[in-house]
Amino acid sequence: MRFSHAFIPTLREEPSDAEVLSHKFMLRSGMIRLHASGVYSYLPLGWRVMRKVEGIIREEMDRIGGQEFLLPSLSRRDLWEKTGRWEEYGDNMFRLKDRRGADLALAPTHEEVFAEIASHEIRSYRDLPQIWYQIQTKFRDEARPRSGVLRGRQFLMKDSYSFDADEEGLKRSYVLHREAYLRIFKRCGLEVVVVRAHSGIMGGSASEEFMVPSEAGEDRLALCCGCEYAANMEVAVSVPVPSEGESRLREKVHTPGMRTIEEVSGFLDRPPSRLMKSLIFIAEEGPVMVLIRGDYEVNEAKLEREVGPFRPAEPGEVERLAKAPVGFVGPVELDGVEILADETIMDQKDLATGANQEDYHWVGLEPGRDFRVDRYVDVRTVKAGDRCTECGGEIEIIPAIEVGHIFQLGTKYSEAIGATYLDTKGRALPLVMGSYGIGMERIVACAIEQYADESGMAWPVSIAPYEVYLLPVNWGDPRTREAAEELYRELSENCEVLLDDRDERAGVKFKDADLLGIPVRVTLGRGLKEGKVEVRRRKDGETWEVPVEGAAEKVREVLEGLWEEVQM
Ligand code: ATP
Ligand code: MG
């Protein structure tokens, strides 16, 4: 491709609204343009990258026996009502009415629709197993669309669904997907960590996420320094940092105006780990008080698994339930509220917490002796320095981006939708399903996040928009032009070349080459007088001065090395 004919509208200026690298560089390189909040148009350079990712995904899905479908985005309400997700999806689902007043959704995912097809078409155990997939647009009205394409409201997903006769079959389909995903990420040049994950609104039992460590990520992972343990913070477990107190009698102390952990800790001169947070939430079944050691935070996803959907109590509700304002509440002699205690409270001595009286706290509390605990639970957010439950090693916390998520769903959808098959004895049994998603935009953005430097992107060769950037410094010079045209012809025989044939200043060309991040750059500059050109690898800046006749050969050799890095 000749740059003079290509539509690559690069921008010199920093886009003001882009915070993460991938967003900034995708805009500056002319890969994408914003259409509406969380909705982007792909321009030719961006779409080339997306299509390469798509190609890799398709090959790997086909390799495990996947069969490609294309299901509609418009989806009937009654189908989503069968699984309860018409309600459950809430504001995240885009909804519309047709001219007859019928409700439709723009599908955020496709478990229901695939399960419905299976319910009509799969008859017997002889039809199993099946792996069905599609690469298609998903719609989610995300609360906070941000970071460019990393969290869009319209995005491309490869989603697949497995149908098996039993749990064992499901495990096999799941492992096939797990391996396919590892191959996909490796081939796209991404380094991923596989972590245990929360199944959330998908339901089902086991699930794992594929995570790319990155400062731009909204997820937090707990990793063990001593073993393989890795989990999303939403499900991570740990042994808390120990904190011991001496048993003593309880005592009410005056703590005027001291509400927060920091204030009480300073005023009573005891570390946060010797305080107890007493928090009131309103769940669907009623109010609950959650007790947790002062040096830990309550994890929303973990608490939701214990009590269902919940919200923090309003100050007025707190006063009514505990007869004291926020900051002074506690479990001592508290009636009418279920009391859950995080495991960090178990067997503790000498805890301090609110006394259900304004400006007073208790000290010296022991669970069981001084207050009731209805149930011990694990609802804390793991923190750095905790110990691994498997090997005792130290836990570290890192930010990451979720690129893929695989779920063992079981029979949740097939039962709701009536997707059954006949087994060898002629009994009708529900299909056992798995569901597996990969975000296309996230792969692209993660590849940028992982390899970009301050001057631009540095694509893994397998998903780069072009493999070679041919940069004749002075296009006006006939000798340069002739040499460039010759090299362009030769290289184009077996690789993808972008020839910068613009009458631009050298500075502009070099800046664009760095920005676009094409893996190999060939510069035809001053050295051409001595018959030399420069071959440069984008990712590490390594440079070779080679005779112009040997340039194509050198480029192929460098490319080969790069391709080897992304081979399985
Ligand atoms: P998140 O927790 O980041 O909102 P999710 O868990 O809701 O994502 P899944 O339902 O597991 O996402 O979707 C499968 C894959 O689709 C994700 O692993 C991710 O790669 C991609 N994806 C999900 N939501 C978005 C989005 N808003 N924009 C871009 N890609 C997305
Ligand atoms: Mg997910």
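Atoms within each ligand, like the ligands themselves, are counted from 1 in listed order.
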Participant: Can you list every pair that meets salt bridge (charged side-chain N to carboxylate O under 4.0 Å, His left out) and has a residue in residues 443-452, with sequence neighbours left out?
Facilitator: none

Participant: Can you figure out which of E402, M440, H405, M211 has its heavy atom closest to atom 17 (C) of ligand 1?
Facilitator: E402

Participant: Going by the atom numbers of ligand 1, which of them fall below 4.0 Å from some non-hydrogen atom of E142?
Facilitator: 24 (N), 26 (C), 27 (N)

Participant: Using a 4.0 Å heavy-atom threshold (strictly under), name the region of V149 that reaches ligand 1: side chain, backbone, both or neither.
Facilitator: backbone

Participant: What protein N/O/S atoms are there under 2.8 Å from the Mg ion (ligand 2), waters excluded?
Facilitator: E402 OE2, H405 ND1

Participant: I'd like to know whether ligand 1 has T109 as a neighbour, heavy-atom separation below 4.0 Å.
Facilitator: no

Participant: Would you tabulate the side-chain donor-acceptor contacts of residues 138-146 under 3.5 Å, counting partners in other chains and residues two or more places apart, or write 'none'?
Facilitator:
{"residue": "K138", "atom": "NZ", "partner": "H110", "partner atom": "ND1", "Å": "3.1"}
{"residue": "K138", "atom": "NZ", "partner": "Q136", "partner atom": "OE1", "Å": "3.3"}
{"residue": "K138", "atom": "NZ", "partner": "D159", "partner atom": "OD1", "Å": "3.1"}
{"residue": "K138", "atom": "NZ", "partner": "D159", "partner atom": "OD2", "Å": "3.0"}
{"residue": "R140", "atom": "NE", "partner": "P108", "partner atom": "O", "Å": "3.1"}
{"residue": "R140", "atom": "NH2", "partner": "P108", "partner atom": "O", "Å": "3.1"}
{"residue": "D141", "atom": "OD1", "partner": "R153", "partner atom": "NH1", "Å": "2.9"}
{"residue": "E142", "atom": "OE1", "partner": "R151", "partner atom": "NH1", "Å": "3.0"}
{"residue": "E142", "atom": "OE2", "partner": "R151", "partner atom": "NH1", "Å": "3.3"}
{"residue": "R146", "atom": "NE", "partner": "E218", "partner atom": "OE2", "Å": "3.4"}
{"residue": "R146", "atom": "NH2", "partner": "E218", "partner atom": "OE1", "Å": "3.2"}

Participant: How far is atom 9 (P) of ligand 1 from its nearest protein heavy atom, and which residue and atom is that?
Facilitator: R140 NH1, 3.8 Å

Participant: Out of P108, G439, C446, whose heavy atom sits nearest atom 21 (C) of ligand 1?
Facilitator: G439

Participant: Please state which protein non-hydrogen atom is closest to atom 13 (O) of ligand 1 and give its distance, to 0.1 Å?
Facilitator: M157 CE, 3.5 Å

Participant: Please enumerate all residues that pass side chain to side chain donor-acceptor pair (under 3.5 Å) together with D540, with sequence neighbours excluded.
Facilitator: R537

Participant: For E19, look at atom CD and say whether over 12 heavy atoms of other residues, nucleotides or ligands are found less than 6.0 Å away.
Facilitator: no

